[in-house]
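Counting starts at 1 for both ligands and their atoms, in listed order. Sequential numbering from 1 along the given sequence is applied to the chain's residues.
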Amino acid sequence: MAKSKTDPKPLKPATRLITAARDFSEHGIVSPAVYHASTVLYPTYEALKERKQPYQYGRRGTPTSRAVETAIATLENGYASKVSPSGLAAITTTLLAFLKPGDHLLMTDSVYAPVRVFCDNLLKNWGVVTEYYDPLLGGAISAFIRPSTRIVYCESPGSQTMEMQDIPAIAAVAHKAGALVVVDNTWSGGRYFNVFAHGGDISVHAATKYIVGHSDAMMGAITCSEATWPRFKEGYETMGQFAGPDDMYLTLRGLRTIDVRLERHMKSALLIAEWLKGRADVEEVIYPALPGSRGHEIWKRDFTGASGLFSVVLKAQTEAALSQFLDGLELFSMGYSWGGFESLCVPFKPHRSAKPWAREGTCLRFHIGLEDPDDLIADLTSGFERLKIAT
Ligand SMILES: *Cc1c(COP(=O)(O)O)cnc(C)c1O
């Protein structure tokens, strides 16, 4: 494989996103080709025996997969990356690659809910013990470490309840006990939080969200430190992981513009979060980038920016009033996922087992898209008027 142009580090992150993996392109065409491949031919018997050629079989890598993986490793400042068919697959593949029966997994209580289902069913059946911990523990997580603790899993901020985790403090404790730290870095887009510089060993992503950025493809990404790469890669290959070529291409295409998109998401989200904060019907805005929000101190210390996803706790509402608010919105749509160009708003009920979510109010999660924020505020203003009439 050709050496990537990403290697000289002095380039700033925005520039590196543009130059990363460009040497996979051919014929002067700016983007690499989309290779649909299963069979890769060997010219001679000798070549077949030696398997020395860079590409050997579709699942083992194509110029398309290598380009997107190289670009993601560049984005994350990691050693190397792999992609998977979804963010959930990225997470499960990582956990399965490192855990064995008898191991103890410390899982943040704020984790993306389908991961909880995976741990409580499949991992449990295979003899792995998952223990959920309060995401705000920081270094006090030491009380939960056992000799069998293999992984401490973090998601910061939690994608619904937005707890900011003290990853450096958690990593210091985990490493002392010989455990690995896996971080779901989806919220930062990979652009605004460097997992490896803050003590993490593996970064996992729902690239489906900001990296793809257009709500038109599913993709997961896993980036490893040098030390964790061989074991991860072996597990990934053994489990037959790969991803479709067209979706890999869309991922690389999205990644080229993530810097400008995130900047706009953040600018509009800050404006709207600030506007929401002042409203009588809003109990709390939880957006770590917003001064005064819970988690703001850690965000300021560890992150270089914010995405457009945040949550709001409304004063307790009836279901009927909530329907009036949500169903009449014209620019905010209801739907899971986030990170695309469009604004979204979904109600949610936090799932907790380590520590109860002791709040009465109705929780809403907003994704602020790339629309003009004035139009978004007008849409919300009408929503709050409907809410008031219905209450
Ligand atoms: C969406 C999401 C995932 C899962 O990604 P998919 O591509 O939908 O499988 C994982 N983690 C977080 C934080 C997410 O928001």
Side-chain angles (χ1 to χ4, degrees), residues 68 72 76 81-96 105 107-119 122-123 132 135 151 153-165 167 181-193 195 200 202-223 236 239 241-244 246-248 250-251 254-255 258 262 265 269 286-288 295 299 303 306-311 334-340 342 344-348 350-351 363-369:
V68 68
I72 288 173
E76 295 249 66
S81 304
K82 286 283 188 192
V83 290
S84 60
S86 69
L88 185 57
I91 296 164
T92 59
T93 303
T94 302
L95 294 176
L96 289 174
L105 164 65
M107 176 58 71
T108 176
D109 211 17
S110 53
V111 71
Y112 177 69
V115 176
R116 194 179 268 277
V117 177
F118 172 77
C119 295
L122 198 139
L123 278 189
Y132 295 92
I151 291 179
Y153 186 102
C154 305
E155 179 182 316
S156 184
S159 67
Q160 287 189 327
T161 40
M162 298 281 141
E163 293 89 346
M164 290 298 300
Q165 298 196 258
I167 308 257
V181 176
V182 176
V183 181
D184 185 326
N185 197 21
T186 304
W187 186 83
S188 88
R191 172 67 184 83
Y192 291 148
F193 180 67
V195 167
I202 298 178
S203 168
V204 289
H205 270 270
T208 306
K209 311 288 167 55
Y210 284 111
I211 296 178
V212 167
H214 295 71
S215 306
D216 54 1
M218 306 288 303
M219 188 63 63
I222 309 96
T223 305
Y236 172 95
M239 285 182 260
Q241 282 287 1
F242 200 56
D246 295 305
D247 291 341
M248 288 194 278
L250 288 172
T251 305
L255 194 131
I258 194 171
L262 279 174
H265 284 294
I286 316 175
Y287 183 38
W299 175 82
F303 282 58
S307 61
L309 190 80
F310 63 80
S311 292
M334 274 179 286
Y336 294 103
S337 198
W338 40 279
E342 79 287 12
L344 300 167
C345 176
V346 278
F348 68 91
H351 192 306
C363 301
L364 291 178
R365 185 177 73 180
F366 287 91
H367 178 249
I368 306 303

**Asked** Distance only, no hydrogens: is a donor on one side chain within 3.5 Å (strictly under) of an acceptor on the other, for Q241 and S84?
**Response** no
**Message:** Between E342 and S215, is there a side-chain donor-acceptor contact under 3.5 Å, judged purely by atom types and distance?
**Reply:** yes
Which residue and heavy atom of the protein sit nearest [atom], plus the separation:
atom: atom 6 (P) of ligand 1; result: G87 N, 3.3 Å
atom: atom 1 (C) of ligand 1; result: K209 NZ, 1.5 Å
atom: atom 5 (O) of ligand 1; result: A206 CB, 3.1 Å
atom: atom 8 (O) of ligand 1; result: M218 CE, 3.5 Å
atom: atom 4 (C) of ligand 1; result: Y112 CE2, 3.3 Å
atom: atom 9 (O) of ligand 1; result: L88 N, 2.8 Å

**Request:** Classify the contact between W338 and ligand 1 as side chain, backbone, both or neither, using a heavy-atom distance cut-off of under 4.0 Å.
**Result:** side chain
**Request:** Examine the proximity of ligand 1 to V115 and report which part, side chain or backbone, both or neither, has a heavy atom under 4.0 Å away.
**Result:** neither
**Complete:** Sorted by chain and number, sequence neighbours left out, ring-ring contact (aromatic ring centres under 6.0 Å, His included) with Y210 holds for H265, W338, H367
**Complete:** Closest to atom 11 (N) of ligand 1 by heavy-atom distance, out of V212, T208, D184, T186, is D184
**Request:** Consider ligand 1: state whether an atom of it lies below 4.0 angstrom from any non-hydrogen atom of V204.
**Result:** no
